[in-house]
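Values below: all heavy atoms of this structure, side chains included; hydrogens, waters and symmetry mates excluded.
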Amino acid sequence: MTASTPAGLPLRGAMIGMSAAAALLLTACGMVSTNANAPKAASAPNTASAAAPIQVKVFIAAMFEIGQNTGDRAGEFQHWYERYFLNAKPITVPGALNPVYCNADGVCGSVLGMGKVNSSASMQAIVLNPQFNFSKAYYVISGVAGTPPSRGTIGDVTWGSWLVDYDLGHRWAPEEGQPGEPVFMPRKGYEQYRRFQLSPALTKAAYEMTRKVELQDSESAQSYRMRYPDAAARKAPSVHVGTHMTGDTFFHGPGLSKEAQYIAKLYGADDYVATEMEAAAIALVLKRTQGTERILSLRGSVNFDQGNPNESTQAHLDPKPGETAGGFAETVANVATVGGTFVDAVVKNWPQWQKGVPVLR
């Protein structure tokens with residue numbers, strides 16, 4: 001992402017994820033773990049393979065955790081783990097970065113790893129593993145993100161209507177093109193895997209059942225919002241819908257934010273509302289193995305993809321002490337609260353959901 005919280009927690013945005021330098025630093029310090037609580041195969045005997053495949057109703061995909069899966073500072077998976085998997089045994093999956101956890105209700109989840117390659121490799125290993133039956137499963141790809149201040153604010157939770165690959169195409173330096181003109185064009189032939197429209201019926205159902213969920217906020221996030229003149233940036237957190245932009249390129253600043261919006265419109269997608277690093281790649285894996293009709297992308301905004309009008313992009317990327325956004329802890333809790341509302345509804349009403357999205361009444 002673009003920066004970090006006062007405690008050094010990863011943010012996403014501007015940079016569609018945390019910055020490469022920040023990621024290396026936090027990993028080196030042992031703060032960010034993409035294999036949190038991952039036991040060695042020898043210490044965690046896997047009994048699932050000897051039994052019938054687990055019928056998965058909902059699979060929750062997170063990208064990173066900070067430390068352990070429970071009992072410490074929460075990353076993207078901890079609230080999910082504490083809600084569904086406290087009593088679940090880890091299931092080792094060759095090729096996946098971390099174990100899969102499943103509860104008795106058919107809810108499963110795992111930390112896949114950050115970035116397109118990392119996360120999609122784990123996802124493919126999991127969906128192809130014979131220990132699981134994903135034939136009727138729904139997928140919630142969840143995590144933190146950044147948002148343009150013209151479209152959202154810190155603490156927001158958004159359901160993705162479209163997933164668009166930010167990296168896939170041609171780019172050139174602004175000074176080598178026409179003044180004021182875009183410096184990006186899509187590469188022909190990649191139409192089937194540079195954008196994904198998620199099921200409108202499923203996205204609408206998820207939004208309708210969660211749009212009134214009360215979200216947490218923080219004083220630090222409230223104060224930080226006021227630095228931005230945009231009405232959307234100044235609002236309290238809410239649940240909404242829009243395009244999620246996936247990229248390993250850590251873009252930041254108003255110019256590249258505008259380019260992301262341009263790409264979304266160029267591809268016929270909805271407004272770009274969240275930056276992230278994994279969803280489009282995971283969707284491609286699922287498209288080739290399971291289809292895309294049961295995929296949801298759920299992101300919580302922990303930072304803006306650009307600085308306020310009174311600071312440079314570099315200053316926003318490398319904030320001084322006390323100048324970070326705040327609200328990280330509240331946002332990761334919001335994601336699990338919103339997503340959990342959907343997951344609980346699916347499990348409770350599984351006879352209807354297993355056949356597809358029920359008709360809304």
Any link between L112 and F64 through a network of hydrophobic side chains (Ile, Leu, Val, Met, Phe, Trp, Tyr) touching at under 4.5 Å? yes
Determine, using the 4.5 Å side-chain heavy-atom cutoff (strictly less than), whether V117 and V93 are members of one ILVMFWY cluster. no
May I have the step-by-step check of side-chain hydrogen bond (donor to acceptor under 3.5 Å, both in side chains) for Q216 and N334, ending in yes or no? CA-CA 6 Å; Q216 296 184 34; N334 288 343; 4.8 Å; no
Show the numbers, then the answer: is there a side-chain hydrogen bond (donor to acceptor under 3.5 Å, both in side chains) between S142 and W80? CA-CA 10 Å; S142 75; W80 290 110; 3.1 Å; yes
Please check if the number of heavy atoms outside E191 that lie under 6.0 Å from its CD is greater than 12. yes
With sequence neighbours left out, write down each residue that passes side-chain contact (heavy atoms from CB on, under 4.5 Å) with E311, or none if nothing qualifies. Y224, Y228, N308, A315, H316
Y138 vs F59, test: ring pair (Phe, Tyr, Trp, His ring centres under 6.0 Å). Steps then yes/no. CA-CA 6 Å; Y138 291 86; F59 183 85; over 10 Å; no
With R194 as the cation and F184 as the aromatic partner, state whether NZ or CZ is under 6.0 Å from the six-membered ring centre and within 45° of the axis. no
Treating E76 as the side-chain partner and M63 as the backbone partner, does any N or O pair qualify as donor plus acceptor under 3.5 Å? yes
Interatomic spacing from CZ in R171 to CZ in R187 - rounded to 0.5 Å: 14.0 Å
Parallel, tilted or perpendicular, judged at 30° and 60°: which one describes the rings of F132 and F134? tilted
Is the shortest side-chain heavy-atom distance between S161 and Q197 below 4.5 Å? no
Under 3.5 Å, side chain of D248 to main-chain N/O of G115, donor-acceptor pair present? no
Please confirm whether the backbone N or O of D270 pairs with a side-chain atom of T243, one donor and one acceptor, at under 3.5 Å? yes
Between S257 and G253, is there a donor-acceptor pair closer than 3.5 Å when you use the side chain of the first and the backbone of the second? no
What's the separation between atom CZ in R195 and atom CG in L266, rounded to the nearest 0.5 Å? 9.0 Å
With a 4.0 Å cut-off on N to O distance, would you call D305 and K258 a salt bridge? no
Measuring from atom CZ of R227 to atom CZ of R234, what distance do you get when rounded to the nearest 0.5 angstrom? 12.0 Å
Should I295 and F196 count as side-chain neighbours, where that means a heavy-atom distance under 4.5 Å? no
Run T158 and H240 through side-chain hydrogen bond (donor to acceptor under 3.5 Å, both in side chains) and show every step you take. CA-CA 5 Å; T158 68; H240 51 114; 5.8 Å; no
Are any non-hydrogen side-chain atoms of V56 and N133 less than 4.5 angstrom apart? no
Are any of the side-chain heavy atoms of L286 and M123 separated by less than 4.5 Å? yes
Honestly curious: do V239 and V273 fall in one hydrophobic cluster under the side-chain, below-4.5 Å linking rule? no
Using every non-hydrogen atom in the two residues, find where V107 and F85 come nearest and quote the distance to one decimal. O-CE2, 3.1 Å
Does the T153 side chain pair with the main chain of A233, one donor and one acceptor, at a distance under 3.5 Å? yes
For I66 against A74, the heavy-atom pair lying closest together: CD1-O, 3.8 Å
Nearest atoms (heavy-atom pairs only) where V357 meets A201: CG1-O, 3.8 Å
Any Lys/Arg nitrogen of D165 or K116 sitting under 4.0 Å from an Asp/Glu carboxylate oxygen of the other? yes
side-chain hydrogen bond (donor to acceptor under 3.5 Å, both in side chains) between S110 and N98, intermediate numbers included: CA-CA 7 Å; S110 184; N98 288 290; 5.4 Å; no
Distance in Å, Y139 OH paired with S297 OG, rounded so as to fall on 0.5 Å steps: 15.0 Å
Evaluation steps, side-chain contact (heavy atoms from CB on, under 4.5 Å), between T203 and L296: CA-CA 7 Å; T203 303; L296 287 166; 4.3 Å; yes
Between E65 (side chain only) and Q78 (backbone N and O only), is there a donor and an acceptor less than 3.5 Å apart? yes
Please report the interatomic distance NZ(K89) to SG(C102), rounded to the nearest 0.5 Å. 13.0 Å
Please check: side-chain N/O of D156 versus main-chain N/O of S238, any donor-acceptor pairing under 3.5 Å? yes
Closest heavy-atom pair and its distance - P148, F304: C-CD2, 4.4 Å
Does E175 CD have over 12 foreign heavy atoms under 6.0 Å away? yes
For the CD atom of E330 and the CG atom of L215, what is their distance to the nearest 0.5 Å? 11.5 Å
For the residue pair A125 and P94, what are the closest heavy atoms and their distance? CB-O, 3.5 Å
Walk me through it: do I263 and Y166 pass the test side-chain contact (heavy atoms from CB on, under 4.5 Å)? CA-CA 7 Å; I263 294 172; Y166 173 83; 3.9 Å; yes
So among N103, T337, D344, which one has a side-chain hydrogen bond (donor to acceptor under 3.5 Å, both in side chains) with R83? D344
For atom CD of Q192, decide whether the heavy atoms of other residues, nucleotides or ligands shown that lie under 6.0 angstrom number more than 12. no
Same cluster or not: L284 versus Y190, using hydrophobic residues (I, L, V, M, F, W, Y) connected whenever any side-chain heavy atoms lie under 4.5 Å apart? yes
Quick one: are K265 and Q261 in side-chain contact, heavy atoms under 4.5 Å? yes
Would a 4.5 Å heavy-atom cut-off, applied to side chains only, mark E82 and F77 as touching? no
Flag the pair E293 and K287 as a salt bridge only when some basic side-chain nitrogen lies within less than 4.0 angstrom of an acidic carboxylate oxygen. no
Where the side chain of D318 meets the backbone of Q314, is there a donor-acceptor pair that is under 3.5 Å apart? no
Residue pair L298 / G339: nearest heavy atoms and the distance that separates them: CD2-CA, 3.5 Å
Measure from the side-chain N and O atoms of R73 to the backbone N and O of G67, and report whether any donor-acceptor pair falls under 3.5 Å. no
Step-by-step ring pair (Phe, Tyr, Trp, His ring centres under 6.0 Å) determination, W353 to F342: CA-CA 11 Å; W353 279 91; F342 169 80; 5.5 Å; yes
I'd like to know if the side chain of S301 and the backbone of I154 have a donor-acceptor N/O pair within less than 3.5 Å. no
Start with the C-alpha gap between W350 and Q55, add the side-chain angles, then the distance that decides, and say whether side-chain contact (heavy atoms from CB on, under 4.5 Å) holds. CA-CA 12 Å; W350 183 243; Q55 301 290 317; over 6 Å; no
Any V58 side-chain heavy atom under 4.5 Å of V140 side chain: yes
Joint hydrophobic cluster, V183 plus M245, side-chain heavy atoms closer than 4.5 Å: no
Does some side-chain heavy atom of Q222 sit less than 4.5 Å from a side-chain heavy atom of D217? yes
Test: R151 and D230 ion pair at under 4.0 Å: no
